[in-house]
Amino acid sequence: MSDVRIPEETAASGRTIPVEDPARGTIIADIPVLDDAAVHALATRARMAQPAWAAAGFEARGAVLLRARKWLLDNSDRMLDTISRETGKTYEDAQLELSVAVESFTFWAKNAKKYLKDEKVAHRSVFIVGRKVKVRYEAVGVVGVIGPWNYPLVNAFCDCVPALMAGNAVILKPSEVTPMTAFLVEEMLNDSGIAPDVFAVAAGDGATGAAVIDVSDTVMFTGSTRTGQAVMERAAKTLTPVSLELGGKDPMIVCADADVDRAANAAAYYGLLNSGQVCISVERVYVEAPVYDEFVGKLVANVRELRQGANEGAGSVEVGALTFAPQLDIVRSHVEDAVAKGAKIEIGGKAGTGTGRFFEPTVLTDVTHEMRCMTEETFGPTIPVMKVDDVDEAVRMANDSIYGLQASVWSKDTAKGEAIARRVEAGAVVVNDAILNYVAFGAPMGGWKQSGLGSRHGANGIRKYCKTQTIMIVPFALKKDLNMFPYKPWRSRMLGKLVKAVYGR
Ligand code: NDP
């Protein structure tokens with residue numbers, strides 16, 4: 001790609017990695033790999049730049065983000081092209097990513113100060129009568145953000161946004177599969193007036209990611225559970241806090257009283273969006289018996305209409321490519337395993353034969369939890385659907401998973417839908433929709449079980465990038481408090497009476 005500048009200083013190790021357009025099977029760039037020393041050099045510069053960025057205040061940092069928002073909208077064609085070329089996304093999948101990013105910039109520019117203002121802490125302890133207690137938040141220093149390839153703008157840079165707003169310097173390690181978006185983001189921030197070295201891109205492979213952990217004061221990681229465990233292990237060496245957004249196997253529960261048309265349309269869209277390469281996509285579906293046939297019929301009819309291929313502009317295709325080469329084998333093996341164990345392919349089921357890396361949008365039925373497609377993260381364009389007797393069975397199946405990222409429940413009775421949602425073991429459950437809680441930026445988004453640790457968005461989405469400091473102030477005081485030396489019987493007795501008077505009632 002000729003119009004994305006690859007920073008020269010990243011040419012540290014002498015090694016390069018080719019970047020592919022997965023929808024066309026062509027190489028679009030060669031990116032240099034940062035080695036350990038280069039990452040340490042970035043961190044040294046980031047540490048020097050960070051105090052002035054923190055001192056600049058929320059308004060100044062927010063102004064940079066709002067200029068970045070304008071830049072993104074003014075340069076949307078370039079950004080959409082860059083995202084789509086290195087991921088193989090459709091135009092609309094890339095457009096969705098850009099829209100969410102714009103929303104994220106707006107949210108954090110507006111709300112960072114509110115979440116990080118000093119908090120007064122009320123207390124009733126007899127030991128600290130008259131004392132004032134407050135908590136303040138201070139930027140940790142250098143934040144390392146390690147991003148995946150499925151959403152190079154949203155799942156990578158948008159986790160940098162609250163870190164920057166909190167006053168940190170940030171080093172972003174993009175996936176080696178999709179680094180070009182990160183380089184364009186760097187250009188965006190530079191053009192928007194961010195101080196030099198406050199934001200840096202550490203392009204490279206897993207070893208570069210490990211080096212980023214070593215130099216960071218806090219790490220935000222999004223990716224597989226397996227790599228998340230490696231990140232946590234590495235961070236343990238320096239006791240560096242980590243926040244992990246990992247895999248999911250998100251269930252969709254369709255009740256007999258659901259709007260079946262909407263549920264089937266949503267299953268197709270939220271199961272196949274971004275070719276199913278979404279951590280919070282619909283990965284498996286449980287449908288109550290009375291509406292099962294109708295649901296499957298409508299889902300298959302919907303999927304039959306979909307066009308798959310390379311992005312040739314707005315409205316050209318609904319389903320794009322598989323971004324990451326090993327993903328094709330994972331998706332194929334999940335389908336083959338299911339068929340070998342008795343599943344039926346209602347539609348799709350094969351990899352594409354032309355140039356580019358595609359797997360047909362696929363609906364599987366007669367599936368069971370003996371099959372990998374129902375228990376392991378597929379992260380591809382497959383929708384396995386299982387018939388259940390009742391809601392209890394659906395909830396039991398939904399919770400039969402090592403993951404607990406997200407889920408959705410479909411019923412026209414929203415009170416019943418919410419009651420079911422409360423029984424599902426997941427960090428977020430959406431009733432009569434899916435995924436969209438992601439753009440409710442005020443609410444935490446994070447996984448239970450092996451889907452993660454911590455959360456993004458909401459108060460914790462920015463406070464996790466801060467140290468807390470508790471300050472206690474004594475405005476008026478006796479020369480000597482009752483509990484101070486020397487111990488006297490009358491003072492000890494009085495203290496005892498005081499405790500009984502306050503807590504003994
Ligand atoms: P990984 O989890 O391996 O990669 C995520 C990021 O971590 C990448 O930037 C990667 O760099 C980096 N990384 C790899 N090894 C290390 C390490 N030892 N220390 C620090 N950083 C490291 O995801 P994959 O790309 O391998 O995808 C595998 C599976 O992960 C998918 O099949 C899917 O199930 C799941 N996934 C989940 C996502 C989510 O949103 N939760 C997103 C993407 C994938 P590099 O790419 O350079 O190796």
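Every number for a ligand or one of its atoms is a count from 1 in the order of the listing. All values reported here derive from a predicted model rather than from experimental measurement.
- Residue contact check for ligand 1: G204 places a non-hydrogen atom closer than 4.0 Å to it.
- Cation-pi geometry between K89 and Y151 is met: the NZ or CZ atom falls under 6.0 Å from the ring centre, inside 45° of the normal.
- Using a 4.0 Å cut-off between heavy atoms, T222 contacts ligand 1 through both its backbone and its side chain.
- Residue G147 has at least one N or O atom closer than 3.5 Å to an N or O atom of ligand 1.
- Between the side chain of R262 and the backbone N or O of N432 there is at least one donor-acceptor pair closer than 3.5 Å.
- Using a non-hydrogen distance threshold of 4.0 Å, F221 registers as a contact of ligand 1.
- Contact annotation: for Y151 versus ligand 1, there are no heavy atoms closer than 4.0 Å.
- Nearest protein heavy-atom contact of atom 13 (N) of ligand 1 is T227 CG2, 3.7 Å.
- Distances from atom 41 (N) of ligand 1 to the protein include at least one heavy-atom value under 4.0 Å.
- In V278, neither the side chain nor the backbone holds a heavy atom less than 4.0 Å from any atom of ligand 1.
- The shortest contact between atom 17 (C) of ligand 1 and any protein heavy atom is with G206 O, 3.6 Å.
- When only non-hydrogen protein atoms are considered, atom 28 (C) of ligand 1 lies nearest to S224 CB, 4.0 Å.
- Remark: aromatic rings of F157 and F105 are close, center separation under 6.0 Å.
- Listed by first and then second residue, the ring-ring contact (aromatic ring centres under 6.0 Å, His included) pairs that reach into residues 426-467 are F107-F441, Y438-H457, F441-H457, sequence neighbours excluded.
- Considering backbone and side-chain atoms together, V231 places no N or O closer than 3.5 Å to any N or O of ligand 1.
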Exercise. Going through the distances and angles, do F359 and Q327 end up as a side-chain contact (heavy atoms from CB on, under 4.5 Å)?
Worked result: CA-CA 10 Å; F359 196 92; Q327 211 55 42; over 6 Å; no
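- Across T378, T375, D400, a single residue satisfies side chain to side chain donor-acceptor pair (under 3.5 Å) together with K249, and that is T378.
- Neither the backbone nor the side chain of R234 comes within 4.0 Å of ligand 1, counting heavy atoms alone.
- Taking all atoms of both residues into account, the shortest heavy-atom contact from L34 to A202 is CD2-CA, 3.9 Å.
- Protein heavy atom nearest atom 11 (O) of ligand 1, with residue, atom name and distance: K173 NZ, 3.0 Å.
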